[in-house]
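Reviewing the structure listed below.
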Amino acid sequence: MTSVSVSVDGRVLKLSNLDKVLYPQVGFTKGEVIDYYVAVAPVLLPRLAGRPLTLRRYPEGADTDGFFEKHASRHAPAWVRTVLLATRKPQAHPSGPAETEYVLLDDLPGLVWAANLAALELHVPQWTMSPDGGRGHPDLMVFDLDPGPPADIVTCCRVAELLVDALAADGLPAWAKTSGSKGMQLYVPVTVDEVTDTSEYARQLCLRLAASHPDLVVGTMAKQARPGRVYIDWSQNHQAKTTIAAYSLRARREPTVSTPLTWAEVRACQRPDELVFTAADVRARLDAHGDLLADLEITHYPLPVRR
């Protein structure tokens, strides 16, 4: 195994196998993965700040299954910031660990360290750590749009237009991004009284749209109900759930990226390929447009939950 030591903002990291191809269909290497994450760090790190991270690692390449890693790597340097959180045990594993040590990536050395682990995908919850070191209340509400074939991201755009109009009626703005895969997400910065408020509001809105637009929206998680329609996955607002971070790579045929969009792009989209962006595309978009999520969390809006 070849390795090289580098200094990143005063931290010495040992990077290994930089010429290893992680996207074999296009020859994109681990070195290029690290280079991408260094380039987008100024806009990516604010999306990760204060949010316990779930890594999805692909040490053998994006064409393999990879694996999720919630706990901090045993090989993490002492300077990598971590947080110990109580584990929400599934019923199938009631004897699992009571706590999990999560990574908090809030600086460039930590991001490079994660990229060197072939953590292609970075997944975060919709809340940040509370001042006492626990799970905070949600500060973002997410609508995860999942198309059932033959529906695609174009169909998601039509549903996103319905969503943004419904949100505006409640005085809530929304920001859109691709998932980097087949769907997209909408985000709303919020303040809530209860940790379940975002899930409940999103559930109610999903069901309303499914009732008024049954040709486009499905309100059930059942796979057999989705063909040709879009499921708005409101459950992604649960405290235990995560979604792909904006500017994160995805493990697909090419190094596609979960990419922020303008609403003009959403409304104009007529073909799926119009909203497919690779690492190179995103770097060019940042040069042209800057960070389209720069003002996402400047203001948080009270969420009018209908209890």
Side-chain angles (χ1 to χ4, degrees), residues 1-23 26-62 66-84 100-125 128-129 180 242 244-251 255-260 277-287 290-294 297:
M1 181 175 69
T2 59
S3 63
V4 58
S5 292
V6 299
S7 178
V8 181
D9 289 353
R11 302 290 190 186
V12 176
L13 292 89
K14 182 176 286 187
L15 307 181
S16 61
N17 292 334
L18 295 180
D19 59 350
K20 183 171 184 175
V21 174
L22 294 183
Y23 290 85
V26 293
F28 200 77
T29 67
K30 186 202 277 192
E32 290 174 296
V33 167
I34 294 173
D35 183 63
Y36 167 76
Y37 275 129
V38 169
V40 301
V43 295
L44 170 59
L45 288 173
R47 308 279 70 82
L48 307 179
R51 302 181 191 275
L53 193 67
T54 297
L55 308 176
R56 193 167 188 184
R57 296 176 54 191
Y58 293 84
E60 300 307 316
F67 57 93
F68 285 100
E69 186 171 76
K70 291 182 179 292
H71 59 84
S73 169
R74 292 173 298 169
H75 307 294
W79 48 261
V80 170
R81 189 178 167 209
T82 62
V83 61
L84 199 62
T100 299
E101 188 176 23
Y102 288 83
V103 169
L104 293 173
L105 288 189
D106 51 12
D107 59 19
L108 182 58
L111 184 58
V112 172
W113 165 77
N116 186 57
L117 293 177
L120 302 182
E121 298 187 359
L122 308 174
H123 297 252
V124 291
T128 58
M129 298 299 300
T242 61
I244 192 73
Y247 299 109
S248 172
L249 291 167
R250 299 307 302 267
T256 55
V257 175
S258 180
T259 307
F277 303 104
T278 65
D281 295 328
V282 169
R283 293 173 74 160
R285 283 172 66 85
L286 286 170
D287 289 339
D291 180 12
L292 294 177
L293 298 182
E297 296 185 66

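These numbers come from the heavy atoms of this one structure, side chains and all, not from hydrogens, waters or symmetry mates. Computed from a prediction, not measured in an experiment: that's the story for all the values here.
- Pro52 and Pro125 get closest at one heavy-atom pair: O-CD, 3.2 Å.
- Atoms CG and CG, from Asp9 and Asp107 in turn, are 7.5 Å apart once rounded to the nearest 0.5 Å.
- Checking side-chain atoms of Ser258 against main-chain N and O of Ser248 turns up no donor-acceptor pair under 3.5 Å.
- Residues Pro77 and Trp113 share a closest heavy-atom pair of CD-NE1, 3.3 Å.
- Going from atom CG of Leu55 over to atom CZ of Phe68 covers 10.5 Å, rounded to the nearest 0.5 Å.
- Of all heavy-atom pairs spanning Ala246 and Pro260, the tightest one is CB-CG, 4.4 Å.
- In terms of modelled atom types and a separation under 3.5 Å, the side chain of Tyr37 and the main chain of Leu120 share a donor-acceptor contact.
- Residues Val33 and Pro255 have side chains not in contact (no heavy-atom distance under 4.5 Å, counting atoms from C-beta outward).
- The OG1 atom of Thr100 sits 8.0 Å away from atom NE2 of His71, with the distance rounded to the nearest 0.5 Å.
- Expressed to the nearest 0.5 Å, how far CG of Leu18 lies from OG1 of Thr29 amounts to 7.5 Å.
- Closest of all the heavy-atom pairs between Pro109 and Leu13 is O-CD2, 3.5 Å.
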* side-chain contact (heavy atoms from CB on, under 4.5 Å) evaluation trace for Thr2 with Asn17 -> CA-CA 5 Å; Thr2 59; Asn17 292 334; 3.7 Å; yes
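- Here the straight-line distance linking atom CG of Leu249 with atom CG of Leu122 works out to 8.0 Å at 0.5 Å rounding.
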Check your understanding: Given the rule in the side-chain contact (heavy atoms from CB on, under 4.5 Å) test, do Thr242 and Arg51 qualify, once you have shown the distances and angles that lead to the verdict?
Key -> CA-CA 10 Å; Thr242 61; Arg51 302 181 191 275; over 6 Å; no
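- Separation of atoms CZ (Phe67) and CD (Glu60) is listed at 9.5 Å; rounding is to 0.5 Å.
- Judged by distance alone, with hydrogens and angles left aside, the side-chain atoms of Asp281 form a donor-acceptor pair with the main-chain N or O of Thr278 at under 3.5 Å.
- Although no hydrogens or angles enter the test, the distance criterion places a donor-acceptor pair under 3.5 Å between the side chain of Asn116 and the main chain of Ser16.
- Across Arg250 and Tyr23, no two heavy atoms sit closer than the pair O-OH, 2.7 Å.
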Any chance you could lay out the side-chain contact (heavy atoms from CB on, under 4.5 Å) test for Leu15 and Val112, step after step, and finish with the verdict? CA-CA 9 Å; Leu15 307 181; Val112 172; 3.9 Å; yes
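- Proximity of Thr82 to Leu104: side-chain heavy atoms (C-beta onward) are nowhere separated by under 4.5 Å.
- Not a single donor-acceptor pair under 3.5 Å links the side chain of Arg11 to the backbone N or O of Val80.
- In this structure, Arg47 is not positioned above the aromatic face of Tyr247 in the sense of NZ or CZ being under 6.0 Å from the six-membered ring centre and within 45° of the axis.
- The side-chain heavy atoms of Leu111 and Val8, taken from C-beta on, include no pair separated by under 4.5 Å.
- A donor-acceptor pair under 3.5 Å is absent between the side-chain atoms of Arg56 and the main chain of His123, judged by distance alone.
- Put simply, the side chain of Leu53 reaches to within 4.5 Å of the side chain of Val124, judged on heavy atoms.
- Lys30 contributes no side-chain N or O that, together with a main-chain N or O of Leu22, makes up a donor-acceptor pair within less than 3.5 Å.
- Counting only distance, with no hydrogens or angles, the side chain of Glu121 and the backbone of Ala251 share a donor-acceptor pair below 3.5 Å.
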